[in-house]
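By convention in this document, chain letters (A, B, ...) are assigned in the order of the sequence lines, proteins followed by strands, and residues within each chain are numbered from 1.
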Amino acid sequence: MYSVQQPSKKPVVRWFIAFLVLIQFSLIWPIYPLVGYIEPIILGMPFSIVWVLLCLLLSFSGLLAYFLWEEQGQKRQGQEQQRQQQQSHDVRAKVEQSKILTKDTTTNVSFSGGVKS
Amino acid sequence: MSDTWIIVGISIGYLLLSLVMGIVPGLKVSKSSEGYVAGDRSMNLLLLYFVLGASIFSSFAFLGGPGWAYSRGVAALYIIAYGTLGMVPLYFFGPRARRMGVKYGYLTQAELLSERYQSPFLSILLAILTVVVLIPYLTLQMKGAGLVLNTISDGAIPYWLGAAMAYGVVLLYVFFSGVMGVGWTNTFQGIFMLSIAWFLGLYLPKELHGGIGPMFEAIQQEGLGNMLQAPGLQSDGSSWSWAGFSSAVMISAIGFSMWPHFFMKTFAAKDDRTMKLTVVLYPTFQLFLLPILFIGFSAILSFPGIEPADTILPYVLRNMDLPVVLVGLVCAGTLAASMSSGDAILHAAGAVFVRDGLRKFPQLRTAMDQKNVERKVIQLSILLISILAYYFAVISSTDIVSLLLGAYGGVAQLFPLVFAMFYWPSATRLGALTALISGIFVTLVFLFWPELKPWDIHEGIYGLMVNLFSLITVSFLTQKTDSSIVEKFTHA
């Protein structure tokens, strides 16, 4: 039921998890050994330190983006539901209205019938 | 002499402030266990952020962190590396656990696990393991507090009194206010230690070397470049292997969110959004370790040869001509780091011991179901646990702190069980029990006999391999768990 409701959610979750795995491996073997040197020095810090900070920053941005995306999705879903409810409400109202109308016509008919007789 | 008393005065002022901050908020929550253990499930973002942030940064952060950077160079980055993603599992598990807590009244991690795997034995096992691991952890925090007050007062406050003062305050607010006491004091202590850490981390390199850039340049020029080259050094001064570094980061990242005093805070979150946002904002807390490491780096050339390396921060403070008020504030900041972890650990140990241990015995359960009896039993356990930890910290010479060495490897063994609880319907009781027990067993074997390891990787990784293998094979071989129970979790 979960996946039926949100067909678009699954690929994003997969990308997000792939992103997290990439970050994790950037902090250890095999990616960190490729870049964990002293040069280039940035802001006075050896690159081995800068790299870890970059990963921290990247994971923070990724998490924040995913959180906002999820939250927006929920909002959209909420609006969707509201619209659906609104629609079904409208339909019901129309049905009710038409019922009243038909009732009116029948009474009218019976009334006019009564007059006729 | 008068300088010493100014420093001690600032520390005592800090302790009193912590006491007030800790006692007052507890008056607002209900007198039930739910109020005492999970703050009536009402924690907002600010509280939860600081509870989770400050409880992980213990006296290790202020004493061990600089010590690592001082003696092992960038190997200390390991702490930032595992924390970067260590919290992320709670983004997924946290909201589910929280919703189940609201629905069924759960307050601890083991309550979830024992329901999913239908095993009171699992619950009692986890309760015992939790207490066995948390007591040395608490002992370590007490030792840190005692050490700091003792060194900074030039011995005027004996070690036993320092530990007793700091943890007397902790005991008081945890005893009376439960988790809300932990929450508000951690917020105060967290802000306090963050400010101190940033100030010191920028001030010391400037004072000793003229800035961060010149500091690293000087280290390199002195021929210590290998300290700055990832992954840094081992404690004996030789280069750390990539396998050693990577596996240590992995196992700590996996174990991070599984700590019982950490995971159970998900039940205190006000709503799912708060829980998720806390995880999202967590890296901002991690960043605070950077200045902490700078403290250690700044001392490498200026104060060589200090043993043990953990005492480098108090040593620097005593041997530099720093304004006395600053020394007092740093001293209080270190106490804050120790206490903000100690309180959460003490509280969790008591709560887990009663909820997951004692309550699983039917006779005790009926007795505790009476009004607020359970809360009183938890309070009593908290008192006993702190006395026991104090005994190990001050009186006994048993080195129980080395128990902690195996703790991260052991705690990580919970991860497959928690993951399968929510995402793998086929996991069974026997699968979970064999996985946990075999995982911990293997971890301990390789911890005590490291020469048996086939490769030089963290013992917890071996444990985890055996753990996963047993979980999967045994689960396939045994009777499935009732689907009505499993669905409560997979659809949570």
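- Counting heavy-atom pairs closer than 4.5 Å to chain A, the top residue among P214(B), G225(B), G213(B), A230(B) is A230(B).
- There is no contact between Y82(B) and chain A, counting heavy-atom distances below 4.5 Å.
- Neither the backbone nor the side chain of Y78(B) comes within less than 4.5 Å of any heavy atom of chain A.
- Contacts between L57(A) and chain B at a heavy-atom distance below 4.5 Å are absent for every atom of the residue.
- For the set S26(A), G44(A), C55(A), the entry with the most heavy-atom pairs within less than 4.5 Å of chain B is G44(A).
- Under the 30°/60° scheme for interplanar angles, the aromatic rings of Y32(A) and W242(B) are found to stand perpendicular.
- If you measure heavy-atom distances from I41(A) to chain B, the contacts under 4.5 Å come from the side chain alone.
- The shortest distance between side-chain heavy atoms of I49(A) and L290(B) falls below 4.5 Å.
- With a 4.5 Å cut-off on non-hydrogen atoms, A253(B) touches chain A through its side chain but not through its backbone.
- When the candidates G62(A), P46(A), S59(A) are compared by the number of heavy-atom contacts under 4.5 Å with chain B, P46(A) comes out ahead.
- Ring planes of Y66(A) and F92(B): tilted class, angle from 30 to 60°.
- One finds a salt bridge joining K276(B) and E70(A) here, because a Lys/Arg side-chain nitrogen approaches an Asp/Glu carboxylate oxygen to under 4.0 Å.
- Only the side chain of Q220(B) comes within contact range of chain A, with heavy atoms under 4.5 Å apart.
- Looking at F297(B), the atoms closer than 4.5 Å to chain A (heavy atoms on both sides) all sit in the side chain, from C-beta outward.
- Screening L289(B), L287(B), T284(B) for a side chain to side chain contact (heavy atoms under 4.5 Å, CB included) involving L56(A) leaves a single residue, L287(B).
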